[in-house]
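Working notes, beginning with the structure itself.
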Amino acid sequence: MHDIKAIRDDTGAFVRGLSRRGMANAQSVADNFLKKDKALRDLLVRLQGEQARRNDASKLIGQAKAKKDEAGATALMAEVAGLKESIQKGEAEQRELEKEIRDDLSVIPNIPAADVPDGADESANVPVAARAFGKPPSINNPKQHFEIGDALGQMDFERAAKVSGARFVYLKNDLAKLERALGAFMLDTHTGTFGYTEVSPPVLVKSAALFGTGQLPKFEDDLFRTTSEDPFWLVPTAEVPLTNYVADEILSEAELPLRFTAFTPCFRAEAGAAGRDTRGMIRMHQFSKVELVSITAPEQSVSEHERMTDAAQEILKKLDLAHRVVTLCTGDMGFGAIKTYDIEVWLPGQNAYREISSCSNCGDFQARRMNTRYRNAEGKMKGPVHTLNGSGLAVGRTLVAILENYQQPDGSVAIPDVLQPYMGKKVIGKV
RNA sequence: GGACAGGUGGCCGAGUGGUUGAAGGCGCACGCCUGGAAAGUGUGUAACGGUGAAAGCCGUUCGAGGGUUCGAAUCCCUCUCUGUCCGCCA
């Protein structure tokens with residue numbers, strides 16, 4: 001959520017930022033805000049003058065009554081009665097205008113950071129050379145993960161379709177255990193090496209939480225929800241409950257940054273993704289993910305973003321999986337982000353790098369929506385915090401990457417060294 | 001799901017229609033006192049918005065939203081959250 005004052009004070013920056021995102025009518029969008037903002041402030045000047053007169057008169061009425069000056073009181077009451085209608089009308093107008101501004105504002109995306117490359121879509125994303133890791137392994141006739149899983153008899157899409165429909169899967173035996181092992185390994189790394197606090201959060205949340213992180217109101221179609229009047233929503237990512245943990249709170253500067261990690265299922269309707277990644281586990285309605293969230297002071301967020309990306313990459317490094325990192329261009333970034341790194345892991349079966357993590361700095365955008373602020377040590381209010389989130393990592397896709405990168409000629413799958421203690425074995429074979 | 005009790009400033013806690021943005025306490029800041037500290041003592045300590053060069057002035061806010069009234073933290077309605085008990089239950 002943008003600060004209307006920021007739009008007023010530097011309209012040019014607002015328009016340029018939205019234009020870089022590909023919004024064609026950014027200027028008229030800004031003009032609309034300026035017009036409504038002016039109308040609201042003009043209204044407030046008038047309304048507050050009337051309220052001040054009413055308040056003064058009401059105090060005088062109290063004094064007159066205390067002195068038994070009924071005539072004086074009656075005269076004052078008559079004066080205030082005239083103001084009443086005008087004030088009530090003005091207040092209704094004020095509510096209406098404020099709601100309009102908020103509703104308009106709530107669907108405007110964040111402004112990209114200065115160092116984010118311009119571009120319309122993913123083809124304009126820019127690799128971060130210094131973050132590249134490893135080389136794709138040479139594998140003869142590599143199989144895709146669903147072929148491997150099916151041959152092992154431990155990955156069953158047919159039965160999942162019978163029970164739940166498309167985009168669901170049953171994992172069994174060692175593959176089910178591998179998912180659990182990955183979650184534990186990722187959590188242990190983030191808590192042990194990077195100081196994140198492990199959290200087991202709710203995965204059903206109220207609408208306000210999804211507004212806070214920016215999924216609502218604009219992206220309702222991507223979400224699953226309950227049918228109740230006041231619905232619960234299934235979280236599309238643990239970013240939602242982890243970030244909203246601090247919603248409507250005033251934090252103290254000394255406790256920042258806060259770092260949370262959680263291993264949860266995620267639920268996405270994948271509306272509009274028809275025909276994409278229809279085979280295998282790449283794009284599911286339900287998948288598990290280890291999420292990273294940081295709440296920081298504004299001046300900390302840029303370095304925290306690098307640190308968070310380091311933490312996510314560390315998982316892939318320990319698993320010895322080749323990957324690269326790209327800076328998303330303006331046209332490919334999510335709604336709330338000012339800058340995003342995507343981590344893409346090599347999938348031999350697809351002969352391609354595929355996204356396995358996305359780490360975003362959201363600046364104060366979510367903090368404004370959630371109303372999360374902080375005070376300094378002297379107790380002075382410093383304003384909204386910054387928030388960041390990243391996958392550390394998508395567990396389902398990590399499992400896919402392990403199957404495809406560690407596949408053996410005999411159809412078995414070697415278990416990466418760091419996971420062997422969690423799995424209690426070195427190879428996954430046919431049961 | 002049912003019953004009852006509650007949501008007041010950074011925290012605790014008074015306050016049931018009138019000069020209350022809110023007593024008192026804690027905490028915090030600054031000063032006095034002290035060799036230094038503690039104790040004691042004095043003063044000050046909300047957010048958001050409007051206006052203004054600034055000082056300041058004005059408005060709004062006592063869980064949220066409506067309403068009654070000249071005037072609401074105080075009365076009415078709706079919602080929400082918390083606590084306790086009952087029911088149900090992994």
Side-chain angles (χ1 to χ4, degrees), chain A residues 1-9 33-103 105-106 200-212 216 226-233 241 244-256 264-265 364 367-385:
Chain A
M1 184 87 92
H2 291 284
D3 181 3
I4 188 76
K5 272 186 297 188
I7 298 174
R8 189 195 306 155
D9 292 344
F33 284 121
L34 292 179
K35 195 178 104 210
K36 285 181 178 169
D37 178 50
K38 182 73 168 70
L40 176 61
R41 284 183 299 136
D42 288 348
L43 173 65
L44 284 177
V45 169
R46 193 200 88 204
L47 183 59
Q48 290 182 359
E50 291 174 351
Q51 287 169 325
R53 283 213 325 255
R54 179 201 61 193
N55 291 346
D56 287 344
S58 292
K59 280 178 185 169
L60 292 173
I61 291 169
Q63 292 169 21
K65 292 216 168 184
K67 285 186 291 188
K68 305 286 185 213
D69 176 9
E70 290 300 332
T74 305
L76 284 163
M77 283 163 67
E79 184 197 333
V80 176
L83 285 172
K84 191 183 171 184
E85 191 186 349
S86 172
I87 289 176
Q88 282 187 331
K89 237 180 89 186
E91 285 176 338
E93 261 179 79
Q94 178 191 350
R95 278 196 295 274
E96 178 61 26
L97 261 176
E98 283 174 344
K99 184 178 184 311
E100 276 181 36
I101 292 172
R102 184 179 164 81
D103 286 352
L105 226 37
S106 68
S200 177
V203 296
L204 265 61
V205 299
K206 298 191 287 187
S207 302
L210 285 154
F211 182 88
L216 288 180
T226 61
T227 56
S228 42
E229 167 88 27
D230 197 10
F232 289 114
W233 302 81
N244 279 280
Y245 181 81
V246 296
D248 289 312
E249 293 194 23
I250 300 171
L251 308 171
S252 55
E253 189 166 22
E255 66 186 309
L256 300 177
T264 71
D364 62 12
R368 279 217 158 72
R369 297 171 82 96
M370 295 191 300
N371 190 29
T372 302
R373 295 169 293 168
Y374 74 107
R375 291 178 199 279
N376 66 12
E378 290 76 49
K380 181 159 174 53
M381 188 66 75
K382 297 284 282 183
V385 296

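Note: hydrogens, waters and symmetry copies are ignored here, and every other heavy atom, side chains too, is used. Predicted model only: the values in this text are computed from it and were never measured. In what follows, every chain begins at residue 1, and chains take the letters A, B, ... in the order their sequences are listed.
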Could you tell me how far [M] sits from [N] if I compare only their [atom1] atoms? Round to whole Å.
N     : M     : atom1 : value
B:U20 : B:A37 : C1'   : 39 Å
B:A3  : B:C62 : P     : 28 Å
B:U8  : B:G63 : C1'   : 10 Å
B:G7  : B:U74 : C1'   : 15 Å
B:G21 : B:U45 : P     : 16 Å
B:A64 : B:G9  : P     : 10 Å
B:G71 : B:U19 : P     : 15 Å
B:G36 : B:C48 : C1'   : 44 Å

Nearest-Å distance for atom pair [atom1]/[atom2], residues [X] and [N]:
X      : N     : atom1 : atom2 : answer
A:L43  : B:G49 : CG    : P     : 17 Å
A:K382 : B:C48 : NZ    : C1'   : 18 Å
A:Q88  : B:G66 : CD    : P     : 12 Å
A:D248 : B:C48 : CG    : C1'   : 14 Å
A:L83  : B:C70 : CG    : C1'   : 10 Å
A:K99  : B:G66 : NZ    : C1'   : 15 Å
A:E98  : B:C48 : CD    : P     : 16 Å
A:R368 : B:C48 : CZ    : C1'   : 13 Å

Practice task
Look at A:K84 and B:U69 and indicate whether a side-chain polar atom (N or O) is within less than 4.0 Å of OP1 or OP2.
Solution key: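 Affirmative; the distance criterion is met.
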Practice task
Verify the contact: side-chain N or O of A:R375 to OP1 or OP2 of B:A46, cut-off strictly under 4.0 Å; return yes or no.
Solution key: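 Answer no for this pair, as no side-chain N or O of A:R375 is under 4.0 Å from OP1 or OP2.
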Problem - Base-contact (B) and sugar-phosphate-only (S) positions in nucleotides 50-64 of chain B, heavy-atom cut-off under 4.0 Å, - elsewhere - result: SS------BSS----
Handout entry: Distance (rounded to the nearest 0.5 Å) between A:N55 CG and A:Q48 CD
Key =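 Between A:N55 CG and A:Q48 CD, I get 11.0 Å after rounding to 0.5 Å.
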Practice task
Could you grab the distance from atom CD of A:E93 to atom CG of A:L44, nearest 0.5 Å is fine?
Solution key: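 Reported to 0.5 Å precision, the distance equals 10.5 Å.
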Exercise for the section: For A:R46, report the nucleic acid contact type (base, sugar-phosphate, nothing); a contact means any heavy atom under 4.0 Å. Expected result: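 Here A:R46 touches no strand at all.
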Problem - A:K36 NZ: over 12 foreign heavy atoms closer than 6.0 Å - result: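 Atom NZ in A:K36 is crowded, with more than 12 foreign heavy atoms closer than 6.0 Å.
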Practice task
Kindly check if the number of other-residue, nucleotide or ligand heavy atoms within 6.0 Å of CD (A:E255) is above 12?
Solution key: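 Atom CD in A:E255 is packed in, count exceeds 12.
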Handout entry: Dot-bracket summary - RNA chain B, pairs being Watson-Crick or G-U whose distances fall under 3.5 Å, with | when paired to another strand
Key = ((((((((.[[[..)..(.....]]]((((((.......))))))((((((....)))))).[[[[[..)....]]]]])))))))....
Any donor and acceptor pair, going by atom type alone, linking the side chain of [X] with main-chain N or O of [Y] inside 3.5 Å?
X      : Y      : result
A:T226 : A:F232 : yes
A:N244 : A:A209 : yes
A:R369 : A:F211 : yes
A:S86  : A:L83  : no

Practice task
Give the nucleotide from the list B:U19, B:C48, B:G10 with an atom nearest to the side chain of A:R373.
Solution key: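 Nearest to the side chain of A:R373 among the choices is B:C48.
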Exercise for the section: State which of B:G18, B:A46, B:U80 makes the closest approach to the side chain of A:K206. Expected result: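 My answer, after comparing the listed nucleotides, is B:U80.
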Handout entry: A:L256 side chain near A:V385 side chain, heavy-atom distance below 4.5 Å
Key =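 Side-chain contact under 4.5 Å: yes.
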Practice task
Only counting residues at least two apart or in another chain, list the ones meeting salt bridge (charged side-chain N to carboxylate O under 4.0 Å, His left out) with A:D9.
Solution key: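 Here no residue qualifies.
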Problem - Salt-bridge contact A:E50-A:R46 (side-chain N to carboxylate O under 4.0 Å) - result: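 Salt bridge present between A:E50 and A:R46.
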Handout entry: Closest-nucleotide ordering on RNA chain B, the 5'-leading residue of A:I250 and A:D3
Key =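 Of the two residues, A:I250 wins.
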